[in-house]
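As a basis for the values below, the full set of heavy atoms in this structure was taken, side chains included, without hydrogen atoms, waters or symmetry mates. Lettering follows sequence order; numbering is per chain, from 1.
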Amino acid sequence: MKTRMLITGMMPERALNRLQRAGIAVEKVKKRKKNEIVFTVDEKDCEKVFAIYPNICYNNRGYTPYTAQILPKTGVAKLWSGVKKRVGLALGAAIWLFLTAFSDSFVLSVKILGETPYETEIMRILDEGGATHFSRYDGKNADLLSSRILALDGVSYCSVKKVGTTLVVEVVGGSFPKAQAFATELISDVSGEITELTVLRGEALKSVGELVEAGEALARAIPLSDSAASFVIARASVACVYEGEGADEQSAIANGLLCIGAENDEVKVKEIAAEEWEGGVRVKISYERILHANFLS
Amino acid sequence: MRLYKEIFGGEGDELFSAARCVLLPLKEGYFEGVKALGDFSDTLVEVCYKDCTLRIAGEGLEIAKFCDGDLKIAGKILSIAVEEVRK
């Protein structure tokens, strides 16, 4: 560390010469007045300077042609000196500066405005978009987040914006799911014999034991009025038979199961029979197809 | 230094034990073997050697460092004049 000093006396250059002869390196020498020079020395050399030219204010031991004194620190040196004396204050100030400079870009809390049952989903979307608690968020993907939240069923308006360190998500319409289109007919997609038919709402067009063709309606809704929406609640089972051919038994059966959609829960395979036929294999799969409209099983 | 010694040959040792100065034009100057500083200001610095005194004129001159006979003067040095030769 350097110390700024002042030497006062007639022809202060001579004092400077004596200091340099004593091995004290003086730097940044400036003549302030005719009898005053200001210079900088190493802090460790201050005692040497005072030994040669005492400060008469503190050490009045008689006449001396020159007097030396330490000048108060200025600029960065003064600041550094103050920091060293008040480490806690300086540390607090540094932390405060850091927080004010950088914490504004962080999300410290998320606020969802509006009645919505989708709070969990919204938080998940924000999480995937990188806008969670204690994460840095610059708002560049706000439109993307808004569009993803808008894609939730029943959400008619959404805005995502950052206010200070709070991410505010405003959602409108989240509590009202969109109206679903209910089926007004129970239509069979297979041909076969009806083994079961239950109609809770609407009217039955077929009865158990009757044959039904693919595309034919089994039940339909009863219109209530012109404006009121009507729908049917019905369930039916249709016994069907699939017949197919193949090069060998396994491939013929596999192809048959694939055709009837045997992997679905709504298809129950009853019986599989295979027989040789004209150089190949002919399979016959008996199965039950369950059909339902608005029927909660 | 080695370059100067090669240039000056055997005289190098004698040369470099004496007072000398190195000038970086328009920038700063280095002076060795300085006995004392005379009067100085922003425009004029008197550098005293054993046998002579240099009057260094310029603009914005400052004693950047002075210790053990070594002196660095910062600022725009415009001229150096040998002021006095003592016999």
Asks: Got a sec: does the CG of Asp265(A) have more than 12 other heavy atoms crowding it under 6.0 Å?
Replies: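 12 or below, so no.
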Asks: Flag the one option from Arg18(A), Met11(A), Lys28(A) with the top tally of heavy-atom pairs under 4.5 Å to chain B.
Replies: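 Top option by heavy-atom pairs under 4.5 Å: Lys28(A).
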Asks: Asp42(B) versus chain A, heavy atoms under 4.5 Å apart: side chain, backbone, both or neither?
Replies: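 When you check distances to chain A, no heavy atom of Asp42(B) falls under 4.5 Å.
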Asks: With chain A as the partner chain, list the residues of residues 61-69 of chain B whose heavy atoms fall under 4.5 Å from it, by residue number, and write 'none' if nothing qualifies.
Replies: Glu62(B), Ile63(B), Ala64(B), Lys65(B), Phe66(B), Cys67(B), Asp68(B), Gly69(B)
Asks: Side chain, backbone, both or neither: which part of Leu19(A) has a non-hydrogen atom closer than 4.5 Å to chain B?
Replies: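 Neither part, no heavy atoms under 4.5 Å.
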Asks: Leu37(B) versus Arg14(A): any side-chain heavy-atom pair under 4.5 Å?
Replies: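 Not touching, per the 4.5 Å side-chain cut-off.
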Asks: Measure the CD-SG distance between Glu13(A) and Cys48(B) for me, rounded to the nearest 0.5 Å.
Replies: 10.0 Å
Asks: Hey, is CD on Glu119(A) packed in by over 12 heavy atoms from elsewhere, all under 6.0 Å?
Replies: no
Asks: More than 12 non-hydrogen atoms from neighbouring residues, nucleotides or ligands closer than 6.0 Å to NZ on Lys2(A), yes or no?
Replies: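 Result for NZ/Lys2(A): enclosed.
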Asks: Answer with side chain, backbone, both or neither: which region of Lys35(B) has an atom nearer than 4.5 Å to a non-hydrogen atom of chain A?
Replies: backbone
Asks: Does atom CD (Glu47(A)) have a neighbourhood of more than 12 heavy atoms from anything else shown, all under 6.0 Å?
Replies: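 Check fails, neighbour count at 12 or below.
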Asks: Keeping to residues at least two apart or across chains, list the salt bridge (charged side-chain N to carboxylate O under 4.0 Å, His left out) pairs with something in residues 157-167 of chain A.
Replies: none
Asks: Is there a side-chain contact (heavy atoms from CB on, under 4.5 Å) between Asp39(B) and Lys31(A) once you walk through the steps?
Replies: CA-CA 10 Å; Asp39(B) 189 23; Lys31(A) 193 181 268 187; 2.7 Å; yes
